[in-house]
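In what follows, chains carry the letters A, B, and so on, assigned in the order in which the sequence lines appear, proteins first and then strands, with residues in each chain numbered from 1. Side-chain atoms are counted along with the backbone in the values below, which use heavy atoms only and exclude waters and symmetry mates.
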Amino acid sequence: MKLVAAQASETLDSGPAQHQPAAGYIAIVDDDVPVGRALARLIKVHSYSVVVYQSAREFLDSLKTHTPACLIVDLQMEEMTGLQLIHHLADMGLRIPTIFVTARDEPGMQHSCEASGAIAFLLKPVMSEPLLAAINAALTGSAQRRA
Amino acid sequence: MRGFLSTLIPRTVRYLCLLALGAVFQSVPALSAETPKRIILLEGLRPDLPSAVETVKAVKNRLKERASGKVEVFTDFLDLGRFRGPEAEARLVQYLTAKFAEARPDVIVSISRGATYFLAQHRNEIAPNVPTAYCCTPMAPIDDVVIPRDMPGIRIDYDWVATFKLAASLQPDATKLVFVSGNSVLGRAWQNDAALQLKLFLQDYDVQYLTGGHDEILKQVTRLTRDSIVLLMPIFGGNFGAPSEAADDFAQISAAPAYSPVSTLYGGGIVGGNIASYAEQGATVADLALDILSGKNPADLPRGIKLPAGLRVDARQLERWRLNERSLPPGTKVEFRRPTLWQAYRGIVILVLAAIFVQASIIALLLVQRRKRRVVERLLKESEDRMAFGAAAGNIGFWRLDTSSGSMWATDHCRSMFGIAPDVALSWDLFRNAVQADDRAILDEIFRSPETEFKRSKEFRIVTPDGELRWYMCRYRVEQRGGQARPHIAGIFVDATKRKNAELEADAQRKELTHMMRVAALGELSGGIAHELSQPLAAILANAQAAQALLAKKTRDEGLISEILADIVQEDFRAGQVVHRLRRLLKRGEQQSVPTNLNDLITSTLALLHSELVDRKIKVEIALEEALPSVSGDPIQLQQVLLNLMMNSMEAMANTPAQKCLLSVVTRMAKDGCIEVRITDRGPGIASNEVARLFQPFFTTKGHGLGLGLSICSTIIQSHSGLLNLSNAPGGGAIAVVRLPVRVELAQAS
């Protein structure tokens, strides 16, 4: 038996990835499938539209067709970390209100994230209240920017 | 030359008119067949007198030596001392005339003064025209017989001066000088002659002349004082019998030492004197006889050869008178020595001496043996003392057990090691009962050791009377003895508590250190582990709060709630797994030996490291052999090794560009039946100067490492009968290879 470390792509519990998500949808990028799924449920319950991506690459691909109103990204991911993704987006000239979530509270990390213009830096496990507040702030901000 | 045959005819006839006749016949064989020459020896006295015997023997010896032809020697003893006077002489003349007429002699030799007188007077009657020769002591001073011109011979003068000087040197304190001459005219003539020779010395002494009869002289000599010197004359008188016999009587009974130059008196009781040698006298006269036989004219031969006399003393008399031999004049011959014990009993003496020597040797040998034994005993004692001291110092107790009778011997120290009093009778059970109950089986094993066992060693614990636990080591040997039903066992007990405690302590410290290294490793991973644990917790929390929100709404999507709950269960299990892995590594405990699958351990370890690997952007490539057999070992310790090696690989790649970082883990069955785990990194590899020190404790290339990781890994793998090796990988980086033997039971089962 040969095991390969590469993660297999999984489908979302909310059904197949929406080809055309509702406007002002929230994107979640987390390579830990159960965590991404759970966060999506929590946010969806509160009547937001959510799309989960398992890697930075997958998310970047989706940007060709549509842009989320808010990005919730795990800092620690294979291939491309959350911070790298934001820097990448900045390079692309995209400014998406971003909420960082991480299981590792490394010194300096919060500062780097905030410096990148993040809305919030949340430690896993994430309670719903600060998360929803951050989402709300992000969506409001983006609405203001749009307005 | 053949030994001579001599026939001695002793005096057998003693009637009045017949002379005692001794005849000696001797034939001296010669090579020629000519008629033997006859030599007649006329001896004036008797064949039993020493002077006569010695002289005749000397004559015969000389003739035997020098005679060229065949010579016959006849000897006639005339016994003139006892048979005297004209009648006796006439009888002798008649007898000899008849005898020589029958066998005519060629030479007649007279020996002694009397025989010479007789021969000189009667030779024309008894043997007309037969040459004659003589040898004798001096003629009397009043000599009225003229020795014929054609009768050569030897005479010896009496030297009274030398004789006197001998006496004076032996008796320097003497005051009296006694002349014993008897009442004959001849005797007194000798006395005058002697006195004349000694006239110079007489004035110093109280001189006495004993001129009486035989008995009177006997009385007189017994009354003499010890400081007298007695001089005996050659002739005493008519009623004295033979002079030599009378002289012997006087000398023997005398109260003072007697001396005389008269050879016929010597040996019978006198101390000594200046006396001619019979042997020389005999030899010289024999030469004269031979000269005559060879045809020389007797008238041309010397008449009156003077033979020198010599000082001679009788050792027996010296002893009798307690005279000092050392005061004898130089050159004095001491004769008639009593044979010493050695001369008399030489054989017996040798035997006795030998016996004594042997006995002494045996005694000496025994003494030496005894001494040696004592030395050996002393050395043995010292050696025993040393051994006892050494044994006590080294805390060693000696013992010996007879398993058939159960009887036992042990040193005092051995007893004290087991708390057994010195006066208690020993038995194996006594020792056995002192041992901790758990370990008594070990002593039973020793007791039952079969004869084939040899030199064994066992350890057990005892509790001393003061409650202290001690480890004893027993080394013993089973001694085989022929004919015995059960063997003897000899051995020692050694107090091994210190060593044992040190071993136990070292073991405990090693375990503790191993555990601490695990904890430290996990500490390094704490960030990653927290991530691993936070992920499921985050999922659970989000799911739970989503469910809560759903329930708050009136529209219940039960399908979704059920999905959420399933996820919660799943994630909780996932968190539990992380905790379980952690707990397992943090646990401390005894080393186990259980079937362990290395593939499972590798997967589990990589799970622990997952977060760290992601963080460091290290790709993992694993190639695990399917159906890998188990090894036998402690899974925690083996995982510790894998964890340590993988973390080392990760550390090694700290400066490797992210796109090149690769951790490769491979398992495979090696051909020699070992399982091989190869962990390869893409780091800088091992510097050549580090290779030798990699496994040394406290060697580290890391800034923060303790340097114990590889040392402990190596120890763990070795304790699993395996091998850990580190080297540079062919493609760069380092490769760690762990080789462990396949668990035997499983291998057989499959």
Side-chain angles (χ1 to χ4, degrees), chain A residues 1-7 10 12-15 28 30-48 50 52 55-56 72 74-84 100-109 122-132 135, chain B residues 526-553 555 557 559-561 563-564 566-568 570-572 574-575 599 602-603 606 610-615 617-628 658-659 662-663 665:
Chain A
M1 178 181 73
K2 301 242 169 175
L3 291 180
V4 180
Q7 299 275 336
E10 273 186 54
L12 298 168
D13 70 329
S14 53
I28 297 174
D30 196 326
D31 61 351
D32 192 315
V33 178
V35 175
R37 191 164 58 208
L39 286 176
R41 280 182 189 136
L42 181 62
I43 294 164
K44 225 187 265 181
V45 168
H46 290 92
S47 311
Y48 296 103
V50 179
V52 181
S55 68
I72 299 173
D74 187 13
L75 265 178
Q76 196 178 30
M77 287 187 298
E78 287 181 56
E79 288 179 35
M80 187 182 284
T81 67
L83 207 53
Q84 282 172 328
F100 284 110
V101 286
T102 180
R104 281 183 97 156
D105 181 17
E106 283 180 18
M109 185 58 81
L122 301 173
L123 280 177
K124 286 182 184 176
V126 190
M127 294 298 283
S128 58
E129 290 78 13
L131 179 64
L132 290 173
I135 291 172
Chain B
S526 62
I529 290 165
H531 182 256
E532 289 298 306
L533 204 53
S534 296
Q535 293 288 80
L537 289 178
I540 289 166
L541 183 62
N543 275 322
Q545 287 192 321
Q548 278 175 337
L550 271 177
L551 289 173
K553 288 182 179 177
T555 54
D557 184 345
L560 185 58
I561 288 173
E563 271 176 35
I564 287 170
D567 267 10
I568 288 175
Q570 179 66 36
E571 289 306 290
D572 197 272
R574 181 177 155 199
N599 282 351
I602 287 167
T603 314
L606 281 170
H610 177 252
S611 172
E612 193 72 23
L613 287 164
V614 167
D615 218 32
K617 300 188 172 36
I618 296 171
K619 282 206 184 73
V620 178
E621 193 177 87
I622 57 177
L624 305 179
E625 174 122 9
E626 282 179 62
L628 191 73
Q659 64 271 21
L662 180 72
L663 173 67
V665 183

Set out, in order, the CA-CA distance, both residues' side-chain angles and the distance that settles salt bridge (charged side-chain N to carboxylate O under 4.0 Å, His left out) for B:Glu563 and A:Arg41, then state yes or no. CA-CA 10 Å; B:Glu563 271 176 35; A:Arg41 280 182 189 136; 3.7 Å; yes
Okay, side chain of B:Gln545, backbone of A:Ser128: is any donor-acceptor separation there less than 3.5 Å? yes
Can a donor-acceptor pair be found, under 3.5 Å and without considering hydrogens, that links the side chain of A:Lys124 to the backbone of B:His531? no
Taken in chain and number order and not counting sequence neighbours, the residues that satisfy salt bridge (charged side-chain N to carboxylate O under 4.0 Å, His left out) with B:Glu571 are B:Arg574
Please classify the contact of [X] with chain A as side chain, backbone, both or neither, using a heavy-atom distance under 4.5 Å.
{"X": "B:Lys553", "value": "side chain"}
{"X": "B:Leu533", "value": "neither"}
{"X": "B:Leu537", "value": "both"}

Option in A:Val35, A:Thr102, A:Val45 with maximal non-hydrogen atom pairs under 4.5 Å from chain B: A:Val45
Which value, rounded to the nearest 0.5 Å, describes the distance between [X] atom [atom1] and [Y] atom [atom2]?
{"X": "A:Lys44", "Y": "B:Leu550", "atom1": "NZ", "atom2": "CG", "result": "10.5 Å"}
{"X": "A:Glu79", "Y": "B:Lys617", "atom1": "CD", "atom2": "NZ", "result": "11.0 Å"}
{"X": "B:Gln535", "Y": "A:Asp74", "atom1": "CD", "atom2": "CG", "result": "5.5 Å"}
{"X": "A:Leu42", "Y": "B:Asn543", "atom1": "CG", "atom2": "CG", "result": "8.5 Å"}

How close do B:Leu541 and A:Val126 get, heavy atom to heavy atom, and via which atoms?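 Minimum heavy-atom contact is CD2-O, 3.2 Å.
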Minimum heavy-atom separation for A:Pro125 and B:Ala538, please, with both atom names.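 In this case the closest contact between A:Pro125 and B:Ala538 is CB-CA, 3.4 Å.
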Is any side-chain heavy atom of B:Ser611 closer than 4.5 Å to one of A:Gln76? yes
With side-chain contact (heavy atoms from CB on, under 4.5 Å) as the criterion, how do B:Asp567 and A:Arg37 come out once you've worked through the C-alpha distance, each side chain's angles and the decisive distance to 0.1 Å? CA-CA 9 Å; B:Asp567 267 10; A:Arg37 191 164 58 208; 2.8 Å; yes
Region of A:Met127 that comes under 4.5 Å of a non-hydrogen atom in chain B: both
Side chain to side chain donor-acceptor pair (under 3.5 Å) involving B:Asn599 - partner list, sequence neighbours excluded: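 So B:Asn599 forms a side chain to side chain donor-acceptor pair (under 3.5 Å) with B:Thr667.
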